[in-house]
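Input: a single structure, listed below in structure tokens.
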There are 2 protein chains.
Amino acid sequence: MKKMISPKQVARAIGVSESTLKRWCDRGLISMTKTAGGHRRMELDAVVRFLRESGHEIVEPELLGLPAAVGQTGWTLNRASERISSALVAGEETVVRQVVFDLLLAGHTVTAIFDDVLAPVMHQIGEKWACGEAAVYQERRACEICMRILHELRTTTQNTREKAPIALGATLEHDIYTIPVTMGEVVLRNVGWQATSLGPNLPADTLIKSIREARPRLFWVSVSFIANETSFITAVNSLFETADATGTALAIGGQALSQSVRKQIQYSTFCESLRDLELFARTLNPVPSHPTPPPTDNVTSVESL
Amino acid sequence: MKKMISPKQVARAIGVSESTLKRWCDRGLISMTKTAGGHRRMELDAVVRFLRESGHEIVEPELLGLPAAVGQTGWTLNRASERISSALVAGEETVVRQVVFDLLLAGHTVTAIFDDVLAPVMHQIGEKWACGEAAVYQERRACEICMRILHELRTTTQNTREKAPIALGATLEHDIYTIPVTMGEVVLRNVGWQATSLGPNLPADTLIKSIREARPRLFWVSVSFIANETSFITAVNSLFETADATGTALAIGGQALSQSVRKQIQYSTFCESLRDLELFARTLNPVPSHPTPPPTDNVTSVESL
DNA sequence: CTGGAATTCATTCAAATCGATCATTCTATC
DNA sequence: GATAGAATGATCGATTTGAATGAATTCCAG
């Protein structure tokens, strides 16, 4: 299942001494477990998470089984986009994953990766499909791959603290595009929220019910497709009414939102991009830029299971 | 009579060397008995207890159990179903994940977990929703959680060898239920295939194109919903035609397949369950019951740098 | 029941890791 | 520039781990 890595490997990969790495572990900066004999073992995810949070450069990525191009080349976002685009069309999931993790380790935030790489690329693939340059199955397979990567990102960057505020997200009826909602989920989780996507294609009244029952601090709605403008507008407005009454902020965004529609709906904030969503979330619930969770005693909590 | 496990299996499952595991046994960390000839044998319970107490991760849960474990499994699976069902409705993702991985750890195959737990539970939740006992968003959230778990299972059982045969899967037009297709993907990957789900809601002609281009050994189609019987039947039959011509086996299954429809479509095999799919796949591409891929040497190759 | 293949045993040895200690380097402050 | 405090890197003996070995045991098919 999860390959466990030894301190020596990690130390060499990061380029610090073994002593230092052990101290970091003991301070709780890298979540780890100990073997029955007291040796430290850590998961790749934990190491990656630490690298991202601490801003450390990776010296020898090969030692962790990671793509080799990380520190040095520093993928430009443009080059990465091209590579990901062709890999997505060709169904080469591994390549996509590698490049994305490359970008992560090179210091790009998930938000930036989504806004500047994945979203444009998926949009472009959608156009290719519309023009007949790509087969339907290729476009759909690209979506599947994208979702897999998103789920992985969700688990590797998951940082949920106990008292984090709750956020719910969804897509309205007839809008079946899951990717943007899930991106929102990953972004929000990444800035410390307990974000949960309820999925796509949900009628407004059930969303209202979910707000009443879960009392989230934030509700985000992604709009990639509008079947009927009038019913969409009434849906959003009824949603906003409940949200407003229960102290829930309503964030809305998406490519299908034209100016004319936008004028007729109510919301707490309009998001042009995931960056906007992240910013708004930060405003609602300010957190220190580098979380550095107080030595959460991961070990003991794990061992007490 | 409880099933006894050998040190070798346990060692590989936990991800430590056999020597170390035996030392732990001798230190009394894992309760065990010895055969008349002095060989160590331990119960699953003892191993699980040790794992919990020491906080060790499971590396290859499959190794701890055999598919034929039928003893008290019924009870366990039933209890697990109840627990998962309520957790899914309540949106408690962590609980679901915990129980599922517990089952894996207890030696159930993913196939069994899907067939006997997840699929019935999701079906039941669907009924609750139809009866108005569950809100729409609860049902949809359950699907989302289920998908996340499936994706995790998919990555944790990534066993793809180079020369593994290719399998493609999808759902036909108007059928938007992703879960069964993805379950098929996980099951097939688990028995050594390079399985890729193309996603839901795909027209037959693009699937035909995908077969022509990727030349898979197996194509599986999940059918959870049929919009129009006649167009469905022609779609499946045209798909089968291409599959047959290119040497691709066509496996089909799903709850929406009534007897009458079934009589009018062609396929290589009909799957009542994922077990059937797994069996068929094994027939197509027999693999040793315990894959035991030549120790992939990830560690040594890394350490030798 | 029997023979051979596969597994496991106990043991040994090299490599890795532990915890602790100490010297060095970095950093912020006066 | 001087200095105190913190982080880092190096080292040491004791412990843990992983791999290899030949002998003993178990398993399975005939």
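Chain A is the first sequence line, chain B the second, and so forth, proteins listed ahead of strands; every chain is numbered from 1. This structure is a prediction, so every number in the text was calculated from the model and none was measured.
- One can find a donor-acceptor pair under 3.5 Å joining the base of D/dA19 and the side-chain atoms of B/S19.
- Taking the salt bridge (Lys or Arg N to Asp or Glu O under 4.0 Å) definition, one finds that B/E82 meets it with nothing, sequence neighbours left out.
- Direction change of the helix axis from one end of the helix from C/dC1-D/dG30 to C/dC30-D/dG1 to the other is 50°, with five pairs defining each end axis (rounded to 10°).
- Look at CD on B/E18: it is 13 Å from C1' on D/dT21, rounded to the nearest Å.
- The side chain to side chain contact (heavy atoms under 4.5 Å, CB included) test applied to A/T94 returns no partner, not counting sequence neighbours.
- By the side-chain hydrogen bond (donor to acceptor under 3.5 Å, both in side chains) test, B/T269 pairs with no residue at all, sequence neighbours left out.
- Under the salt bridge (Lys or Arg N to Asp or Glu O under 4.0 Å) criterion, A/E278 pairs with A/R282, sequence neighbours left out.
- Under the side-chain hydrogen bond (donor to acceptor under 3.5 Å, both in side chains) criterion, B/R40 pairs with B/D26, not counting sequence neighbours.
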Taking only N/O atoms, report every protein-nucleotides 12-14 of chain D pair under 3.5 Å with atom names and distance.
none

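- Residues satisfying the ring pair (Phe, Tyr, Trp, His ring centres under 6.0 Å) test with A/H151, not counting sequence neighbours, are B/H151.
- With sequence neighbours excluded, no residue satisfies side-chain hydrogen bond (donor to acceptor under 3.5 Å, both in side chains) with A/S19.
- For the segment residues 30-38 of chain B, the set of residues with a heavy atom within less than 4.0 Å of an atom of DNA chain C comprises B/K34, B/G38, in numerical order.
- On a pure distance criterion of 3.5 Å, no polar donor-acceptor pair joins the side chain of A/R40 and the base of C/dG19.
- Residues satisfying the ring pair (Phe, Tyr, Trp, His ring centres under 6.0 Å) criterion with B/Y267, sequence neighbours excluded, are B/F270.
- Under the side-chain hydrogen bond (donor to acceptor under 3.5 Å, both in side chains) criterion, A/R275 pairs with A/D116, not counting sequence neighbours.
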